[in-house]
Amino acid sequence: MTAAAPPDSVTPPQRLRLRRPDDWHVHLRDGALLQMVAPATARSFARAIVMPNLSPPITTVAAAAAYGARIRAALPDGSHFTPLLTAYLTDTIDPAEIERGHREGVFTACKLYPAHATTNAAAGVTDLARIEAVLAAMERIGMPLLIHGEVTDAEIDIFDREAVFIERHLAPLLSRHPGLKVVLEHITTAESVAFVRQGGANLAATITPHHLHINRNAMFQGGLRPDFYCLPVAKRERHRLALREAATSGEPCFFLGTDSAPHSRSAKESACGCAGIYNAPFALESYAAVFEQEGALDRLEAFASLHGPAFYGLPVNDGHITLVREPHTVPPRLHGNGADGTASTLVPFHAGQVLQWRLADDG
Ligand SMILES: NC(=O)N[C@@H](CC(=O)O)C(=O)O
Ligand SMILES: [Zn+2]
Ligand SMILES: [Zn+2]
């Protein structure tokens, strides 16, 4: 005789059906890396906000349209993935170009990198006063501003750069432009959670899987671990806990943005290693682990599939995906060959670890 099944309330779910999610912050790169990483994002997500920090950065409508075509060409046959492109703001960018790109449906949003704040941010904005006309135009046409929110001043401790950015730059910016839609990207601190929470309907934040899983100790565990180095850098445990609470809270101002940021092995393992964590292959599975640990699996769909479209004023996706409880080990390395024959090796986030949820292949 078999034991009676436990009541439903204590049986962990084996399958989760969600409206198809979107990734509101991803780096798809270009060339051989694009060929390798675009299918990973397209496998899980219907749409993604694609970052413009290429080299050279995407600053014109023509460059964005051409990049969109290269992304589509890198997708598997039959993929319905839609890249949502962004413009890289510089000190001298023309507001008319931004407005035209938005009107023509090429630019979904603009990205603000404080000059030198992160990878390929050298051409970013040196002073917000220089892009005042662009910000005014964006506010008028309802075009979202996406921000890498860190000051770059060398005298500010790297762990404080996000909080100082909010005080010195973001709060005044929001006062000057109360109608501007702003996404504070990849937030990493309890201060950012509190700030975004008290902001109005025009302010939101994306939260990455890695900032929900690791704190700053991960970078130094048993030695220097470049695979856990990204910007903004992971903070103390109390900040990670605040981010987990925010992501799983059900509040519409917090939504999914992986900040998947692949760099080749040689670029990570170097005397001056690049910032960025490549999480695209199992990002959804990684978020699912957090939501399950927090007892909030019922809120995963809102975070992954509903809050982002609502903020951007876009429809939610039609299709659905299914996550199944099927423990699997994340490969320690991923190898790829671009169409140009260039081989790349990437280390995915959770390399060698077991994840409990897996995206069903048939969706
Ligand atoms: N997040 C990162 O550590 N790196 C990103 C840039 C960024 O999002 O800041 C990259 O492009 O590599
Ligand atoms: Zn960034
Ligand atoms: Zn990023």
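Nothing here was measured: the structure is a model prediction, and the numbers come from that model.
Judged by distance alone, the side chain of His210 and the main-chain N or O of Ile277 form no donor-acceptor pair under 3.5 Å. Remark: the backbone N or O of Asn217 is paired with a side-chain donor or acceptor of Asn215 at under 3.5 angstrom. Not one N or O on the side chain of Asp22 forms a donor-acceptor pair closer than 3.5 Å with the backbone of Pro309. Using modelled atom types, one side-chain atom of Gln198 and one backbone atom of Phe195 make a donor-acceptor pair closer than 3.5 Å. Within the 3.5 Å criterion, the main-chain N or O of Arg20 finds a donor-acceptor partner in the side chain of Asn317. Although no hydrogens or angles enter the test, the distance criterion places a donor-acceptor pair under 3.5 Å between the side chain of Glu301 and the main chain of Arg19. Within the 3.5 Å criterion, the main-chain N or O of Phe349 finds no donor-acceptor partner in the side chain of Asn279. With hydrogens and angles ignored, the 3.5 Å screen pairs a side-chain donor or acceptor of Glu162 with a backbone N or O of Thr188. Looking at Arg43, its side chain does come within 3.5 Å of a backbone N or O of Pro281 through a donor-acceptor pair.
Contact check on Glu150 versus Arg161 returns no salt bridge, with no Lys/Arg side-chain nitrogen under 4.0 Å from an Asp/Glu carboxylate oxygen. At a threshold of 4.0 Å, the pair Glu292-Arg325 counts as salt-bridged, since one of the basic side-chain nitrogens sits closer than that to a carboxylate oxygen. The pair Asp160-Lys235 does not count as a salt bridge, with every side-chain nitrogen at least 4.0 angstrom from each carboxylate oxygen.
The environment of Arg17 atom CZ is sparse: at most 12 non-hydrogen atoms of other residues, nucleotides or ligands sit within 6.0 angstrom. Within a 6.0 Å sphere centred on CZ of Arg236, heavy atoms belonging to other residues, nucleotides or ligands number 12 at most.
A heavy-atom distance below 4.5 Å is found between the side chains of Glu97 and Val61. For the pair Arg168/Ile156, a side-chain contact is recorded, criterion being any heavy-atom separation below 4.5 Å from C-beta on. In this structure, Ile49 and Tyr312 have side chains that are in contact, with non-hydrogen atoms separated by less than 4.5 Å. Residues Leu128 and Leu112 are in side-chain contact: their nearest non-hydrogen atoms beyond the backbone lie under 4.5 Å apart.
The hydrophobic clustering, which links ILVMFWY residues whose side-chain heavy atoms are closer than 4.5 Å, places Leu75 and Leu54 together.
Exactly one residue among Arg29, Glu269, Lys268 makes a side-chain hydrogen bond (donor to acceptor under 3.5 Å, both in side chains) with His263. That residue is Arg29. The only option from His116, His186, His27, His25 that meets the ring-ring contact (aromatic ring centres under 6.0 Å, His included) definition with His148 turns out to be His186.
Under the 30°/60° scheme for interplanar angles, the aromatic rings of Phe303 and Phe291 are found to be tilted. The aromatic rings of Phe282 and His328 lie tilted to each other, with the angle between the two planes from 30° to 60°. Aromatic ring pairs are classed by plane angle as parallel below 30°, tilted from 30° to 60° and perpendicular above 60°; the pair Phe311 and Phe255 is tilted.
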Please assess Val37 against Ser260 for the test side-chain contact (heavy atoms from CB on, under 4.5 Å), listing each intermediate value before the final yes or no. CA-CA 9 Å; Val37 305; Ser260 179; over 6 Å; no
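Neither side chain, His239 nor Thr189, offers a donor N or O lying under 3.5 Å from an acceptor on the other. With no hydrogens or angles considered, no side-chain donor-acceptor pair links Ser55 and Asn120 at under 3.5 Å.
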